[in-house]
2 protein chains.
Amino acid sequence: MKMKEIAKMCDVSISTVSRVLNNKSGVRDEVREKVLKVIKETDFTPNIYAQSLTTKKTKTIGVFIPGVDTYFRKIIFGITDFFSKKNYSILLSADRYKNEVENIEFLLNKNVDGIIYFPWYIDNSIDGKIKEFGNKKPFVIIDYEFKDIPCVIQDHYSSMKEIVEFYLKNDKKNLLFINGQEYNYSSQIRKKSFENTLKNNNIHNYKILEASFSIDESYKIIENFFNNNKISDYDGIICCNDSIAISCISYLKSVNVNIPKRVWISGFDDMDIVKYITPSLTSVSYDKYQLGYNAAVLLYQQIKSTNSINKISMNYKIVYRNSTGG
Amino acid sequence: MKMKEIAKMCDVSISTVSRVLNNKSGVRDEVREKVLKVIKETDFTPNIYAQSLTTKKTKTIGVFIPGVDTYFRKIIFGITDFFSKKNYSILLSADRYKNEVENIEFLLNKNVDGIIYFPWYIDNSIDGKIKEFGNKKPFVIIDYEFKDIPCVIQDHYSSMKEIVEFYLKNDKKNLLFINGQEYNYSSQIRKKSFENTLKNNNIHNYKILEASFSIDESYKIIENFFNNNKISDYDGIICCNDSIAISCISYLKSVNVNIPKRVWISGFDDMDIVKYITPSLTSVSYDKYQLGYNAAVLLYQQIKSTNSINKISMNYKIVYRNSTGG
DNA sequence: ATGAAAGCGCTAACAG
DNA sequence: CTGTTAGCGCTTTCAT
């Protein structure tokens, strides 16, 4: 079924059908209703590829989000919920054989109307690329900042600061920070916040361990670390995400270290399950659904050229549980 | 940049450029190389919307996968890894304001070349819809079977049977099965397998509790259940996924029930973290990445009309850990 | 208010 | 081997 047939059935020209379809003026109410009726009856939907050819708009946005299993889906939900209402589709780019930049270029070639990009591996070339992409298309970054490219960030600096100060306030002053890989921007921020907060409190004795976002690797790194370092040197451990915290707890239990009595521990992300493990895990909670939704809003504003906001900083909440004394 | 310009730069017709682009015969090697060179230099990529208009192929496949956070991403990876190599894109449909069928119809309207559908809410109308969709486009279902529509299934019947028999063999014969919502097809299968296996072993005394795929709801349902039923009635609990198992363990710990001494417990899915919780959780492991990859292969075979296989049943592995005695 | 016609960028006969 | 040309289904001037 195409416009031509609809036009014939209604005894009008295809221009008129087009006008009705696009809700444009210049059609008698009577005619409009008739066309609408036939469209409905025949279940007609215009060919979006023909539309795109003429309008240069694809009503499709591209999304790249890295391999973070635990909240990937929630972010996607936020994005799709917003854009579906606007009748946009979501093109996903997540080929692991390509690097991130290649994934974005792939999306660009698909003529998407805009792109949401959650960088994961940050290297020297990324800023240049982001600038290039941002000039080409409406572009929104998640959890990374570059000049005036609109972005949605989780305020890892503040949340880490709050966590550290919570430890200090409770007299936990021998701290170990277990980070993910430091190619990740959030990791860098959290690390810096951890260090600065301690320095601002005149504490210069602390340890940072670079572990991994893979829980199995993390476990090995942690085990190896404590084979060469005394646990008793620390009364507080801060992990950069919940998985790492879980592997750390697992190790500490295996060597009979009591949490929270001997050492406090906390994570990040507040996964659904962490309130049900033993001990229940103190964690930092960001609304990942809202994160995706906000990114979608920023992108849409750009697409419609009504952009006013450039940066959204997400609210967070620290959920205190038994792993830090209850 | 368009084909016309490339043609001019190479001093050939646009048909020749098209032939080169589509790797067709009928071009002198010399000319082909020249065109290829210019294409590369100018970084030209053909407009896929114009291509689609003529070919009726979009080189895009549609994917609907429900809200299962823990392994959603792995399935997607399997699909994108396969299709990216073929230069296809992935259109994601996941609008929660629409129901599943509406999400599929949305994809259909986008003229995707094929669809991968992981049904979650199964009701009476679904078979008719699947048949309709399967007639329209290449179509692959995950974890559901309908006539000769190609599908990839996790063999929940067999894995559940094996788990149950493992309990029985170890003299755990007072069993409680905690299921997810029964609108889910896999839940139905597992339940049936649980019941049949017991019956085949002449055990008619068992209990099935319908909990929820939401871990918080599950906890409440489990707590409520044990407020009205004695824990000591059971020596084995089988949960339909790891989240439910974790909430169940949490509850049992809160009332000081020793696992595995007083009762065994097991989950499904083998999430990354479950080997690190206490007690480490016995679970059923399916390769979710491969699941997605297989679905992609089946779909591609249909698109290319080389389909031979109709059904792939995934291998599984039961990972025995401390929650069932180690 | 409505229709005719050009054109979006490409592919695929058809000629040569 | 190579070029010409007619669409693909739609939007958008430009007339009427």
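Within every chain, numbering begins at 1; the chains are lettered A, B, ... in the order of the sequence lines, protein sequences first and strands thereafter. Source: prediction; values computed, not measured. What's counted below: heavy atoms across the whole structure, side chains too, no hydrogens, waters or symmetry copies.
A distance of 10.5 Å separates OG of S93(A) from CG of N109(A), quoted to the nearest 0.5 Å.
Neither OP1 nor OP2 of dC8(C) sits under 4.0 Å from any side-chain N or O of T54(A). Side-chain N/O atoms of K57(A) include none lying less than 4.0 angstrom from OP1 or OP2 on dT11(D). Residue Q51(B) has a polar side-chain atom (N or O) positioned under 4.0 Å from OP1 or OP2 of dT11(C). Dashed line: the shortest gap from a side-chain N or O of K24(A) to OP1 or OP2 of dT12(D) is under 4.0 Å. At least one side-chain nitrogen or oxygen of N22(A) sits closer than 4.0 Å to the OP1 or OP2 atom of dT11(D). For R19(B), no side-chain nitrogen or oxygen approaches OP1 or OP2 of dC1(D) to under 4.0 Å.
Side chain of R28(A), nearest nucleotide from dA1(C), dG9(C), dT11(C): dA1(C). In this structure, the nucleotide among dG9(D), dG3(D), dG3(C) sitting nearest to the side chain of S13(B) is dG3(D). In the set dT11(C), dG9(D), dC10(C), the nucleotide with an atom closest to the side chain of F44(B) is dC10(C). Ranking dC8(C), dG9(D), dT11(C) by closeness to the K56(A) side chain, first place goes to dC8(C).
When V63(A), I115(A), I61(A) are each tested for a side chain to side chain contact (heavy atoms under 4.5 Å, CB included) with L107(A), only one passes: I115(A).
Ring pair W120(B)/F213(B): centre-to-centre distance below 6.0 Å. Ring centroid separation for the pair F82(A) and Y293(A) comes in under the 6.0 Å cut-off.
Atom NZ of K8(A) and atom C1' of dG3(C) are 16 Å apart (whole Å). One interatomic measurement links the two molecules: CG of N47(A) to C1' of dT11(D), which rounds to 13 Å at whole-angstrom precision. When the P atom of dT11(C) is taken as reference, atom CG of N23(B) falls 12 Å away, rounded to whole Å. One interatomic measurement links the two molecules: CD1 of I14(A) to C1' of dG9(D), which rounds to 8 Å at whole-angstrom precision. Counting to the nearest Å, the P atom of dG9(D) and the CG atom of L53(A) are 12 Å from each other. Summarising the geometry, the separation between CD1 on I48(A) and P on dC8(D) is reported as 19 Å, rounded to the nearest angstrom. As rounded to whole Å, 14 Å separates atom C1' of dT11(C) from atom NZ of K59(B). Regarding M3(B), its CE atom lies at a distance of 16 Å from the P atom of dT5(D), rounded to whole Å.
Side-chain N/O atoms of S15(A) and base N/O atoms of dA4(C) include a donor-acceptor pair closer than 3.5 Å.
Using a 4.0 Å heavy-atom distance criterion, L21(B) is classed as making no nucleic acid contact. Heavy atoms of S18(A) sit under 4.0 angstrom from at least one base atom.
Both cation-pi conditions hold for K98(B) and F106(B): the charged atom is under 6.0 angstrom from the six-membered ring centre and inside a 45 degree cone around its axis.
Between Y286(B) and H156(B), the angle of the ring planes goes over 60°, which puts this pair in the perpendicular group of the 30/60° scheme.
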